[in-house]
Amino acid sequence: MTLAIFDTLARGKRPFLPRLPGKIGMYVCGMTVYDRCHLGHGRVMVAFDVIVRHLRTLGFGVQYVRNITDVDDKIFARALEREIPFTALTTEMIAAMHADERALNCRLPDAEPRATQHIPQMLDLIARLIEKGAAYQGESGDVYFRVSAFPEYGKLNNRNLEDMVAGARVQVAEDKEHPADFVLWKSAKPGEASWDSRWGAGRPGWHIECSAMSMDLLGTQFDIHGGGPDLKFPHHENEIAQSEAATGCTFANYWMHAGPVRVNDEKMSKSLDNFVTLQALFTRHDPAVIRFFLLQSHYRSAISFSEDALTQAEAAYVRLVQSRSDVPVDAETDVEAIGRYMDAMNDDFNTPRAIAVLFDLAKRTDAAAAATLEFLGDALGLFPKSKAAFLADRQALKAQLTGLSDARIDTLVIERSQARAERDFARADAIRAELTAAGISIEDSPTGTVWTRD
RNA sequence: GGCGCGUUGGCAGAGUGGUUAUGCAGCGGAUUGCAAAUCCGUGGACAUCGGUUCGAUUCCGGUACGCGCCUCCA
């Protein structure tokens, strides 16, 4: 079976054909770095990480580019609020983002172009658009893209300009020719960072950076363009418009969008202020659990976030890890299982089906299954640590969340062992109940009693 | 108002025109002083109403409910 990818523009799955044999150029819209990443950002990171991993497993050479938006109103506002230079803020947030990403076991992109470092490319692109009559400077000094110059405007979102105007939620700037025209270059405001240009000092609009940087790094046409669900409109629609208006050729061949993370049936988002940062999540759950939780759903479907859902995912993940071998396995992998895994992943990166294969392997006890489980778990990036390391880390994490100290638990466990030796089972069970109430499980084995935090 | 999406067993979540997804939880058994873990076994589902079909959860249409985008947001 060959790879099929759901293309937002085609509104369906299409067989994947790279522009050049064996090579893939892929661009994903990244973060605006003014705050910590939340679970929604994590989902996009993990989704595209798995996608890139699988493309590489298939043998493609992938050039994975993800931008960093480091000029933006929200960045300026936050920097002002914290009374630090905006570059200090962005430096801090980029470091935090990378830390979150490494924790989630995502490989960093091959390139992370920053808006502030590609101003000349953006200005070039704007100049080309003006030459072609697809952009103009308004009275305010802002330069706008002329939506009417691109007849296909709306094709990604299946919309037309008339409907959008009827929607009447488009903010109207006085000097726009059409309400849907969008800013390419904003004239400078006093006190804010700006760059010189032939249209006056200013800074780039949001959309232009992605067109300029993707074309700069991947060429005027490339294979895959991805991003979060809320980028479909207007961001990606505008990218298509300005890119294709400038070059006259198709911009990206496949458009991929991750689904939203929901909280109480609403999208997790900054504006609704219902987000959970990855950082906060990591204090309660191993990042591998978060990754597993995310991958349990298909990348395009909505995920409902709740502590309960996470707890359930954790139980499943722990069981999967528990079934791993303690020692490296040296055995042939199972061709049939790998075949099923590949079929699942080739069908638009169906990770839930792929994970089902892992559980089928976890059930088996033969060496081939063990070897295959390791192989496929790694392919999905689900096993960043050894079994022992994961279980130990998990205990350490839980230790911070329970009230009883290790020493106190040890004392109780020893007391219970003595009671058992004296066949005082009532006393033994009372201690067990006390520990259970505190979230501690104890297991009696031939070699002694061990306790773990649930 | 415009453009889309979803509705699967207690929960999470795939998939299929007629045959077990998978996981968590539950139940029964083995095991255990009792447990835990493990192993074995097991019940349970396709929102609703019509249509197409020999047969539909799976295709088509209507209805209900939920969600997303149309404004910054991954």
Side-chain angles (χ1 to χ4, degrees), chain A residues 8 11 28-32 34-35 37-48 66 69 72-74 77 154 156-160 162-171 180 206 226-235 237 257-262 265-273 275 292-293 295-298 300-304 306 308-320 322-323 340 344 347 350-363 365 419-420 423-426 428-429 432-433 435-436 440-445 449-452 454:
Chain A
T8 306
R11 284 172 269 283
V28 172
C29 287
M31 267 52 85
T32 299
Y34 71 103
D35 204 351
C37 291
H38 65 236
L39 188 58
H41 298 106
R43 159 111 106 153
V44 173
M45 293 174 182
V46 169
F48 286 100
R66 191 185 59 202
T69 300
D72 169 88
D73 286 339
K74 291 187 292 297
L156 181 68
N157 291 274
N158 193 23
R159 282 177 202 175
N160 56 55
E162 296 78 68
D163 292 342
M164 288 169 39
V165 173
R169 282 170 76 186
V170 198
Q171 71 174 43
W206 176 33
D230 27 30
L231 263 27
K232 246 184 266 183
F233 193 92
H235 186 54
E237 195 68 60
H257 293 92
V261 173
R262 287 184 195 162
D265 282 336
E266 283 183 321
K267 190 180 70 167
M268 178 178 287
S269 72
K270 298 298 248 184
S271 38
L272 290 171
D273 197 31
F275 59 92
F292 178 84
F293 169 73
L295 260 22
Q296 258 190 324
S297 300
H298 183 84
R300 276 189 289 114
S301 65
I303 294 184
S304 289
S306 68
D308 268 5
L310 235 39
T311 303
Q312 190 173 304
E314 177 152 348
Y317 181 72
V318 168
R319 149 114 208 285
L320 189 65
Q322 218 109 36
S323 75
R340 280 197 293 139
D347 183 12
N350 195 320
T351 54
R353 253 166 74 196
I355 287 174
V357 176
L358 300 204
F359 277 101
D360 286 340
L361 291 165
K363 230 182 297 198
T365 52
R420 288 181 71 219
R423 303 196 68 76
D424 180 359
F425 295 122
D429 289 347
R432 176 194 285 285
L435 289 169
T436 301
I440 315 294
S441 306
I442 46 184
E443 300 172 28
D444 299 321
S445 75
T449 300
V450 266
W451 57 264
T452 51
D454 296 327

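Every chain is numbered from 1, with letters handed out A, B, ... down the list of sequences. Remember, it's a predicted structure, so these values are computed and weren't measured experimentally.
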[N] pairs with, by Watson-Crick or G-U criteria that keep both distances under 3.5 Å:
| N | value |
| --- | --- |
| B:U31 | none |
| B:G1 | B:C70 |
| B:A14 | none |
| B:A36 | none |
| B:A47 | B:U63 |
| B:U20 | none |
| B:A25 | none |

Legend entry - Side chain A:D72, main chain A:K74, donor-acceptor under 3.5 Å: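 Yes, the answer is positive, given that a donor and an acceptor are paired below the 3.5 Å cut-off.
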
Legend entry - Side-chain donor/acceptor of A:T351 to backbone N/O of A:A354, under 3.5 Å: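 Side chain of A:T351 to backbone of A:A354, a donor-acceptor pair under 3.5 Å: no, none is there.
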
Could you give the [atom1]-to-[atom2] distance, from [X] to [N], as a whole number of Å?
| X | N | atom1 | atom2 | value |
| --- | --- | --- | --- | --- |
| A:L320 | B:G13 | CG | C1' | 15 Å |
| A:R340 | B:G15 | CZ | C1' | 13 Å |
| A:K74 | B:A74 | NZ | C1' | 12 Å |
| A:F233 | B:C73 | CZ | P | 12 Å |
| A:R11 | B:G4 | CZ | C1' | 9 Å |

Base, sugar-phosphate or nothing for [X]? Non-hydrogen atoms, less than 4.0 Å.
| X | value |
| --- | --- |
| A:S301 | sugar-phosphate |
| A:N350 | sugar-phosphate |
| A:D265 | sugar-phosphate |
| A:G259 | base |
| A:K232 | nothing |
| A:H235 | nothing |

Given the [atom1] atoms of [N] and [M], what is the spacing between them in whole Å?
| N | M | atom1 | result |
| --- | --- | --- | --- |
| B:C59 | B:U22 | P | 22 Å |
| B:G6 | B:U58 | C1' | 16 Å |
| B:G18 | B:A56 | P | 11 Å |
| B:G23 | B:A35 | P | 25 Å |
| B:G9 | B:A47 | C1' | 14 Å |

Legend entry - Below 4.0 Å: OP1/OP2 of B:G68 and any side-chain N or O of A:S269: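 No, A:S269 has no side-chain N/O under 4.0 Å of OP1/OP2 on B:G68.
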
Legend entry - B:G4 phosphate, OP1 or OP2, under 4.0 Å from A:N158 side-chain N/O: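 Yes, A:N158 has a side-chain N/O under 4.0 Å of OP1/OP2 on B:G4.
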
Inset, instruction - Carefully, step by step, assess A:R159 and A:E237 under the rule side chain to side chain contact (heavy atoms under 4.5 Å, CB included). - result: CA-CA 10 Å; A:R159 282 177 202 175; A:E237 195 68 60; 6.0 Å; no

Inset, instruction - Mind running side chain to side chain contact (heavy atoms under 4.5 Å, CB included) on A:I440 and A:T452 for me, showing each step along the way? - result: CA-CA 6 Å; A:I440 315 294; A:T452 51; over 6 Å; no

Legend entry - Non-neighbouring partners of A:W206 that pass ring-ring contact (aromatic ring centres under 6.0 Å, His included), sequence neighbours left out: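 With neighbours one apart ignored, the set is A:H235.
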
Inset, instruction - For A:I303 and for A:M268, locate the closest nucleotide of RNA chain B by heavy-atom distance; then report the residue assigned to the nucleotide nearer the 5' terminus. - result: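 Looking at RNA chain B, the more 5' nearest nucleotide goes with A:I303.
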
Legend entry - Upstream residue (5' side of RNA chain B) when A:E266 and A:H38 are each assigned their closest nucleotide: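 Here A:E266 is the residue nearer the 5' end.
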
Legend entry - Nearest-neighbour nucleotide for the A:P229 side chain, B:A14, B:A74, B:C67 considered: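 Output: B:A74.
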
Legend entry - Partners meeting side chain to side chain contact (heavy atoms under 4.5 Å, CB included) with A:P229 (sequence neighbours left out):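 A:P229 satisfies side chain to side chain contact (heavy atoms under 4.5 Å, CB included) with A:P260 only.
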
Inset, instruction - Considering only NZ, NE, NH1 and NH2 on the basic side and carboxylate oxygens on the acidic side, decide whether A:D444 and A:R420 come within less than 4.0 Å. - result: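 Result for this pair is yes, salt bridge flagged.
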
Legend entry - More than 12 heavy atoms of other groups within 6.0 Å of A:R11 CZ: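 Yes, the 6.0 Å shell around CZ holds more than 12 heavy atoms from other groups.
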
Legend entry - Cation-pi geometry met for A:K270 and A:Y34 (6.0 Å, 45°):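 Judged by the rule, A:K270 and A:Y34 form a cation-pi pair.
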
Inset, instruction - Indicate for each nucleotide in nucleotides 20-43 of chain B, in 5' to 3' sequence, whether protein heavy atoms under 4.0 Å reach the base (B), only the sugar-phosphate (S), or nothing (-). - result: -BSBS--------BBBB-------

